[in-house]
Amino acid sequence: MRSKAMMAIAAMAATGSAAHAQSGALTPVPVIQGTRLDIVAEGEVTRVPDIATISAGVVTQAPTAGAAMTENANRMAAVVAALKKAGVADRDIQTSTLNLNPQYRYGDNKPPVITGYQASNQVSIRFRDVKRSGAILDTLVAQGANQINGPSLSVDKPETALDEARAAAIRTARARATLYAEAAGLRVKRILAISEQGGGYQPPMPVPMMMARAEKAADTAVEAGEQKLAVSVSVSFELE
């Protein structure tokens, strides 16, 4: 009997512990005594871009697949060699796409006929001296790159700047909440919830350019300017 009583007490203790663990896992919902006010505010800062990215490619055509690939490889090798000579590090040159496609001639009521092959090779080039973007573009064109996108200018490590924007957004939200509260004859009691909207910093998209010229007519100038980094937050306040 004593053994059964001990087992019953242990089972009751275990049941109580489980119930306590389950209740402890619940997040209490704030009880609002006053008025709820939801504010969406944006904070922003500006930075000078310190990274430039250029996508450059070589497109070649030949009667056979092998000839198209060989010519493409030779021209791309010259482009990469010129980039390295210009000071671009190996780690900042990366192949992004490599394609070989047949070219067809279409006729009325006739099956398509292969007339040749087109090979394309695209590399992504990144460098930290934005002012050199123009010189890099001219180097690419001079070495036979005939498909260029960019440069795309961006901020290398935006988190510090984004944190400044977050703090500015909260300050704006607080000031706006105080304005609403005073206009309504109330005061801000506390913050109920904060959530960040959007996906953070998105650098501008590069401008695509098809470039095919035999020689450089003039030095290409690229100005870094400034970029805006912005964060939007949603803040819920309780007014009383």
Side-chain angles (χ1 to χ4, degrees), residues 27 37-57 76 79-80 82-98 121-141 145 147-180 188 190-211 219-237:
T27 302
L37 172 66
D38 295 327
I39 296 289
V40 176
E42 184 176 272
E44 64 178 54
V45 295
T46 58
R47 290 289 187 272
V48 176
D50 53 2
I51 288 287
T53 304
I54 296 173
S55 179
M76 182 55 76
V79 168
V80 172
L83 288 171
K84 293 180 179 179
K85 186 177 180 180
V88 181
D90 289 352
R91 62 186 178 90
D92 291 329
I93 305 174
Q94 183 180 41
T95 299
S96 55
T97 59
L98 182 61
N121 191 346
Q122 200 91 7
V123 294
S124 176
I125 307 126
R126 189 178 71 163
F127 47 96
R128 301 182 183 277
D129 189 354
V130 174
K131 293 182 179 179
R132 295 181 57 219
S133 298
I136 296 296
L137 286 170
D138 293 331
T139 297
L140 290 169
V141 173
Q147 191 173 41
I148 296 177
N149 294 327
S152 173
L153 307 181
S154 60
V155 177
D156 184 24
K157 296 178 180 179
E159 276 306 315
T160 300
L162 287 173
D163 285 344
E164 292 181 22
R166 292 181 177 103
I170 295 297
R171 289 194 298 269
T172 299
R174 280 184 173 274
R176 198 166 295 166
T178 300
L179 175 67
Y180 277 110
V188 177
R190 59 173 173 160
I191 292 178
L192 300 173
I194 300 174
S195 63
E196 185 171 313
Q197 311 295 312
Y201 173 58
Q202 299 292 333
M205 294 296 292
V207 178
M209 295 183 293
M210 293 295 293
M211 305 185 70
D219 292 334
T220 303
V222 175
E223 302 297 335
E226 287 185 337
Q227 286 184 3
K228 181 178 75 171
L229 293 87
V231 172
S232 180
V233 296
S234 177
V235 186
S236 297
F237 296 88

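Quick note: numbers below take in every heavy atom, side chains included, and nothing from hydrogens, waters or symmetry partners.
Contact of the Q197 side chain with the E42 side chain is not registered, since no non-hydrogen atoms from C-beta on lie closer than 4.5 Å. Residues K84 and I93 form a side-chain contact, since some pair of their non-hydrogen atoms from C-beta on lies under 4.5 Å apart. Considering only heavy atoms from C-beta on, P158 stays 4.5 Å or farther from R47 through its side chain.
Among all heavy-atom pairs drawn from T97 and N121, the shortest one is O-OD1, 3.4 Å. Here the closest non-hydrogen pair linking P49 and L153 is CB-CB, 3.8 Å. Considering all non-hydrogen atoms of both residues, A165 and L229 come closest at CB-O, 3.9 Å. When all heavy atoms of S96 and S124 are compared, the pair lying nearest together is OG-N, 4.3 Å. Closest approach of F237 to L192, counting heavy atoms only: O-CD1, 3.9 Å. Closest non-hydrogen pair, A169 versus G43, comes out as CB-N, 3.4 Å.
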Exercise for the section: Begin from the C-alpha positions of L140 and L83 and carry the test side chain to side chain contact (heavy atoms under 4.5 Å, CB included) through to its verdict. Expected result: CA-CA 8 Å; L140 290 169; L83 288 171; 3.7 Å; yes
Problem - side chain to side chain contact (heavy atoms under 4.5 Å, CB included) between M76 and T95, intermediate numbers included - result: CA-CA 10 Å; M76 182 55 76; T95 299; over 6 Å; no
Problem - side chain to side chain contact (heavy atoms under 4.5 Å, CB included) evaluation trace for V188 with R174 - result: CA-CA 9 Å; V188 177; R174 280 184 173 274; 5.6 Å; no
Exercise for the section: List the steps, then state whether side chain to side chain contact (heavy atoms under 4.5 Å, CB included) holds for I51 with R128. Expected result: CA-CA 5 Å; I51 288 287; R128 301 182 183 277; 3.2 Å; yes
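The CZ atom of R166 sits 12.5 Å away from the CD1 atom of I194 when rounded to the nearest 0.5 Å. Distance check, rounded to the nearest 0.5 Å: CG of L162 to CD of E44 gives 12.0 Å.
A donor-acceptor pair under 3.5 Å is formed between the side chain of D50 and the backbone N or O of D156.
More than 12 heavy atoms of other shown residues, nucleotides or ligands fall within 6.0 angstrom of atom CD in E226.
Partner of V88 under the side chain to side chain contact (heavy atoms under 4.5 Å, CB included) criterion, chosen from V80, I125, I54: I125.
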